[in-house]
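Worksheet for the structure shown next.
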Amino acid sequence: MSNAPVSIALRRVSAAFRSPEGATVAAVRDVDLAVRPGELLTLLGPSGCGKTTTLRMIAGFQEPSSGEILIGEHDVTRLPANRRDIGFVFQSYALFPHLSVFDNVAYGLRVRRKSAHETRTAVAAVLALVGLGDLERRSPSELSGGQQQRVALARAIVIRPRVLLFDEPLSNLDAKLRVEMRTEIQRLQRRLGITTVYVTHDQEEAMAISDRIAVMNDGRIAQLGSAEELYRRPASSFVAGFLGRANLLPATVRASSGGTVTLDVCGAAIKVASAISHSLGERLSVMIRPERILIGPPGGPLDGEIVSRVYLGEKAEYVVQVGGALLQVIRADPPEGETLAPGARVGITLPRDGVQLLP
Amino acid sequence: MRLVAERASERARPQRNHFTRRAFVAAAMAAPFVSGKAGAAGSLNAYSIWPENYARPMMEAFEKASGIAVKFVRFSSGEALARVAAEKNNPQIDVLFGGPVETFTAGQSKGLFEAYKSPSFGDLPSRFKDANGQWTAIADDPLVFMTNSGFLKQHNLQPPGSWDDLLNPAYKDMLQMADARTSGTAVTRIFSILQVHDRNEDAAFAYMKKLRKNIQSYTKSGGGGTLPVGLGQAGGGIFFIVDALFTRQKGYDVQISFPKEGIGSAAECIALIKGAKNADAGKKLIDWATSPDMQSLLAPNKINFIPAHPKVATEPSLAEVLKGAKIIEIDEAWAGSNRQRIIERWIAEVLNAG
Amino acid sequence: MQGDPLRAGVVVALWLLLGLFVLYPLACLLIRAFSDDGGFTLGPIVGALGNPTHLRALRNSLVLASLVGILGTAAGFLFAYAAERTDMSRNARRLIDFIILLPLISPPFTTSIGFVFSFGPRGLITHDLLGMQNAQVYGWASTTCAEALTYFPLAFLALRPLIAAIGGDLEEAGFSLGGSRWQVFRTITLPLTMPGLGNAFLLIFAASLADFATPLILAGNNLPVLPTDAYLQITGMFDLKGGAVLSLLLLVPAGLVFFAQRYLVERRSYVTITGKSGGRARGAGATAWLRWVLWAACAAVTLFILYLYALLAYASAVVAFGANATLTLDNYRVIFTEGVPAIKDTLIIALIGMPLGGLYGVIVGYLIARSRGFGRHMIEIVSMINYALPGTIVGIAYLIAFNDQPFALTGTATIIIACYIFRYSPTGIRTTVALLQQVDRSIEEASFSLGASSLRTFRSVTLPLILPAFFAGLGTVFIRAMTAISATIFLVSINWTLITVRILENMTEVALGPAAAFSVFVIVVVLGVTSLLNVALRRMTTLRVSSLGTAS
């Protein structure tokens with residue numbers, strides 16, 4: 001069944017719920033999204049942003065109130081889930097509690113009327129692939145969380161679906177297992193080459209695993225791109241704040257000419273590339289990542305005062321008061337003997353290429 | 001009456017206030033020793049076998065006449081008798097009021113009653129009293145056949161005029177009558193059938209077994225079948241005249257008839273309980289109930305018992321119904337001593353034969 | 001905490017009460033059944049087992065309970081499935097909740113009265129509507145249907161959360177793997193609901209096995225069942241021993257059902273292992289045609305129940321049902337004059353029993369949930385005995401035990417109140433245990449660490465947390481005190497009588513109007529009191545949550 005990887009397309013898809021009080025609530029609004037064949041695309045966003053609803057519409061658990069959904073060439077908008085050829089991994093794993101590990105994994109194959117022999121072989125292979133070869137007789141309740149997760153994964157991929165869908169699959173695992181499993185999921189996805197949509201609210205997980213990330217907010221896609229694109233060039237303060245840590249600072253236009261604009265940020269003059277021209281004195285907002293800010297001895301163009309310092313081994317985190325603003329600063333590998341106690345005066349250098357203009 | 005009733009409950013239930021004032025644990029510990037004693041002077045307790053709607057106006061009139069507060073609960077005859085027997089060592093009531101004589105002879109044989117002869121005792125014919133005054137009749141209540149007029153018409157039948165008429169297959173699964181395990185009506189009926197068959201038990205039981213095929217349901221109480229018959233849910237049955245006429249009074253279209261072979265009648269009685277805690281008040285109720293004082297109230301209250309006291313005239317419309325009826329006498333002494341055995345035989349051979 | 005003198009005192013007091021009101025009556029019943037003048041004997045039991053009449057009653061009871069169990073479970077499943085899997089409107093859902101509630105809070109005979117009028121040779125339905133001439137109302141069909149209608153809410157309440165839980169991810173997982181609706185139903189929904197269906201069946205089976213009121217009215221002569229026969233044996237023939245023996249025949253199936261049910265409930269682990277699921281799946285899951293079939297079936301049952309209650313209300317408001325349709329308030333006048341003692345007695349008993357039962361349930365539940373070892377299991381089992389046994393057995397046991405010294409309680413309110421408390425508190429007990437299992441023990445330990453005594457901890461920390469269980473206990477005991485009859489019919493006396501017993505007397509005296517009026521009164525009072533309790537609980541819990549900040 002697994003031929004060439006397929007694309008997924010959402011065209012102006014919306015989803016509306018009727019709330020218990022009878023009001024209509026839009027969970028997803030006019031979403032356009034194209035998932036490339038074979039890629040792993042993550043829908044990232046805070047809870048209630050519509051990412052899970054979007055995923056469930058792709059799966060066919062929920063019908064869009066408008067718009068259409070294509071898998072490959074086929075319009076599947078009105079097709080029920082069981083005819084879309086998908087694999088779905090649930091947040092709760094949704095393992096059938098009355099079936100053994102083997103029977104759980106074999107379920108999709110039996111529904112597809114595969115021969116007993118074929119089923120045996122395929123289940124054994126996929127269980128070996130997820131590292132559970134010896135547990136097939138167990139009942140799901142006898143497995144650890146990580147093992148249950150692997151069974152859920154095995155069950156979804158054994159049918160070689162055209163599309164794999166993950167709904168926060170790692171949220172019930174502890175931190176260490178989460179890292180391990182996301183690597184595993186990525187490895188398997190690359191190996192099988194199945195087009196995958198992955199939903200999470202964890203930005204680190206999203207960045208680690210995804211080919212591309214769609215950040216969602218309030219039922220819409222706020223920005224779509226690779227992890228690096230989103231991190232380096234967030235399109236909005238929401239994306240900047242949601243992906244990594246960011247200093248969001250006010251800035252005033254000092255000069256604007258030929259694609260560059262000179263800004264006054266906390267009293268320092270910074271040149272930033274800008275496609276549009278700005279008028280003098282215009283107030284804008286900029287984003288600076290904390291690790292791009294340099295701390296040095298006082299007496300530079302910009303001086304500040306340490307408010308707090310947290311030592312974390314491979315890095316130290318500071319809050320520095322500069323003018324009226326509080327800046328988060330991260331210093332990798334702080335030198336031994338550094339004694340920047342609260343109250344200490346420091347010099348601050350804002351990176352010329354690390355200041356991102358926000359609309 | 002409401003005032004009287006309230007006073008009655010105040011007096012008669014001292015243990016209740018007592019109870020509510022206590023915390024639970026204390027009450028649960030103490031309560032075993034607070035059993036239901038309602039022994040205030042000027043009040044009495046009774047079980048009534050007469051239905052509430054017959055007994056209540058009588059009791060109210062008595063309360064008014066005597067100033068004695070009456071507390072009573074209605075039970076069907078078997079149940080009332082069972083309770084009196086159960087309470088033999090610690091009587092909860094003073095008077096057993098109403099109910100067919102066979103219940104009283106049964107109670108008599110268990111030694112449940114205290115002999116008492118009211119002033120009216122001498123006026124009553126022997127059928128209406130135990131020679132020693134163990135019980136005294138307050139009314140007479142013959143059995144009747146009651147049939148639904150619509151049912152008769154539909155099946156082209158005349159009201160049954162003979163016991164054998166009830167064996168007509170047209171009545172199959174359409175007769176309701178009382179269950180002898182709980183109802184004195186049923187026991188009177190069974191003894192009537194025995195009497196009609198000259199106490200030839202085998203012949204009588206053969207008849208009852210045949211009748212069984214036409215029985216839709218044996219009801220817990222004597223009047224239980226009257227409403228189904230009134231509604232046409234059942235075609236007919238054998239009931240006390242008081243229940244049958246009550247059904248007719250309510251507006252149901254029913255026929256009342258008597259078998260030509262004769263049918264029994266139950267004296268409705270009253271008796272003083274042995275060891276009664278309010279014996280004097282109880283005796284006053286018996287005096288009143290056996291006298292014309294009470295029995296002359298039956299007709300005004302549309303209660304269709306035939307007064308037992310010879311000085312109270314039968315109400316004309318009731319007399320009209322009874323005209324031409326052949327009422328036979330059941331030997332109460334024999335009935336009382338054979339009651340248990342006959343009922344058990346009935347359960348085994350008739351009830352469970354279905 | 002374990003060595004607390006107060007706690008030890010409570011345990012001792014509890015055992016004294018359990019001993020007096022659970023173990024002692026049962027022992028008296030067994031002794032009465034297994035002894036004669038010469039001492040111990042198996043004679044009566046052997047005699048009963050050899051008596052074809054009794055055996056027939058036993059067989060009838062078992063077959064009836066099975067039929068009612070199957071039918072009631074099916075109806076409960078139907079309603080639960082429709083409520084959880086179809087997008088019915090809010091009002092329809094409310095109507096279902098109300099319909100489900102009605103049989104649970106109605107006095108006995110309510111359904112039976114309606115059946116008597118609706119079926120049979122001149123029944124409103126069989127004759128007037130369908131034109132049948134010789135329909136019979138007495139017997140298997142009507143008894144089975146009436147009991148199923150009375151008890152199917154039990155199945156609904158047991159099955160609904162289960163179906164809701166399965167309805168989410170588990171079924172969707174099946175769909176996502178390519179299963180068709182029927183495949184998913186057959187391979188996932190049904191097997192997962194099976195323990196729940198079994199549990200629901202057993203609940204109804206036990207209820208039907210113990211039901212004495214419905215067969216009394218509807219069974220007729222060809223369907224003798226044990227509870228009714230035992231009742232007639234005792235009240236009619238005053239054969240306490242015979243009644244005791246008959247009721248003991250019920251003991252074995254009732255015990256088996258109890259333990260089977262415990263086994264099922266303990267293995268319920270199934271659905272809950274993976275935690276969160278469901279919720280958003282409501283409204284999904286049924287195709288259009290299936291939805292309409294479900295709705296039609298539910299609507300039919302709902303309409304029929306409404307019809308029965310309308311009939312009851314009508315019967316309470318006319319002069320003579322079927323003969324004189326003149327509207328009258330006479331029947332209500334009767335119950336509010338002649339019926340006042342019964343109403344007063346019942347309300348007093350219910351209102352005393354309610355707080356005591358609620359408290360008892362919470363205390364026993366607390367001891368079960370928060371202690372270890374053998375004593376805990378003993379308390380758990382013993383406190384369930386009176387609940388698990390059919391009411392007839394309990395009533396007869398009480399009658400035998402408390403008729404004589406040293407505990408001559410016959411004729412008192414205590415015996416009736418005790419019967420209700422020890423028979424109907426297990427709801428409160430079980431809810432308390434369930435709630436406490438969710439409440440972390442550390443919350444109580446925090447209170448101890450701050451120096452509070454165990455009483456204070458219980459009162460100021462634990463009790464507020466288990467308030468819903470207390471209210472559940474209150475509600476159940478009150479409802480039962482207003483509606484139950486099977487046990488307490490043996491315990492009423494000249495001093496204390498009950499509305500339900502008056503209803504039975506009225507029914508058998510052909511005073512149908514007052515019987516119906518009493519029933520309407522009971523339903524209204526119970527609805528009123530339970531809504532008051534709900535409001536009170538809501539108000540108290542929101543207060544607690546805001547003042548303690550322990551909301552989870």
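Just so we're clear, the structure is a prediction, and the values are computed from it rather than from any experiment. Throughout, a chain's letter reflects where its sequence line sits, starting with A, and its residues are numbered from 1.
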Requested in this report: State whether the number of non-hydrogen atoms from other residues, nucleotides or ligands found under 6.0 Å of R376(C) atom CZ is greater than 12.
Outcome: yes
Query raised in the report: Can you tell me if R84(A) uses its side chain to pair, donor with acceptor, with the backbone of L79(A) under 3.5 Å?
Result: yes
Query - Contact origin within R155(A) toward chain C - heavy atom pairs under 4.5 Å - result: both
Requested in this report: Just say parallel, tilted or perpendicular for the rings of F185(C) and Y81(C), cut-offs at 30° and 60°.
Outcome: perpendicular
Report summary line: Heaviest contributor of heavy-atom pairs below 4.5 Å to chain C, chosen from A81(A), G145(A), S139(A), is A81(A)
Query raised in the report: Given a strict heavy-atom distance threshold of 4.5 Å, which part of Y107(A) is in contact with chain C: side chain, backbone, both, or neither?
Result: side chain
Requested in this report: State whether R137(A) and E142(A) are salt-bridged, where the test is any N-O pair (Lys NZ or Arg NE/NH1/NH2 against Asp/Glu carboxylate O) under 4.0 Å.
Outcome: no
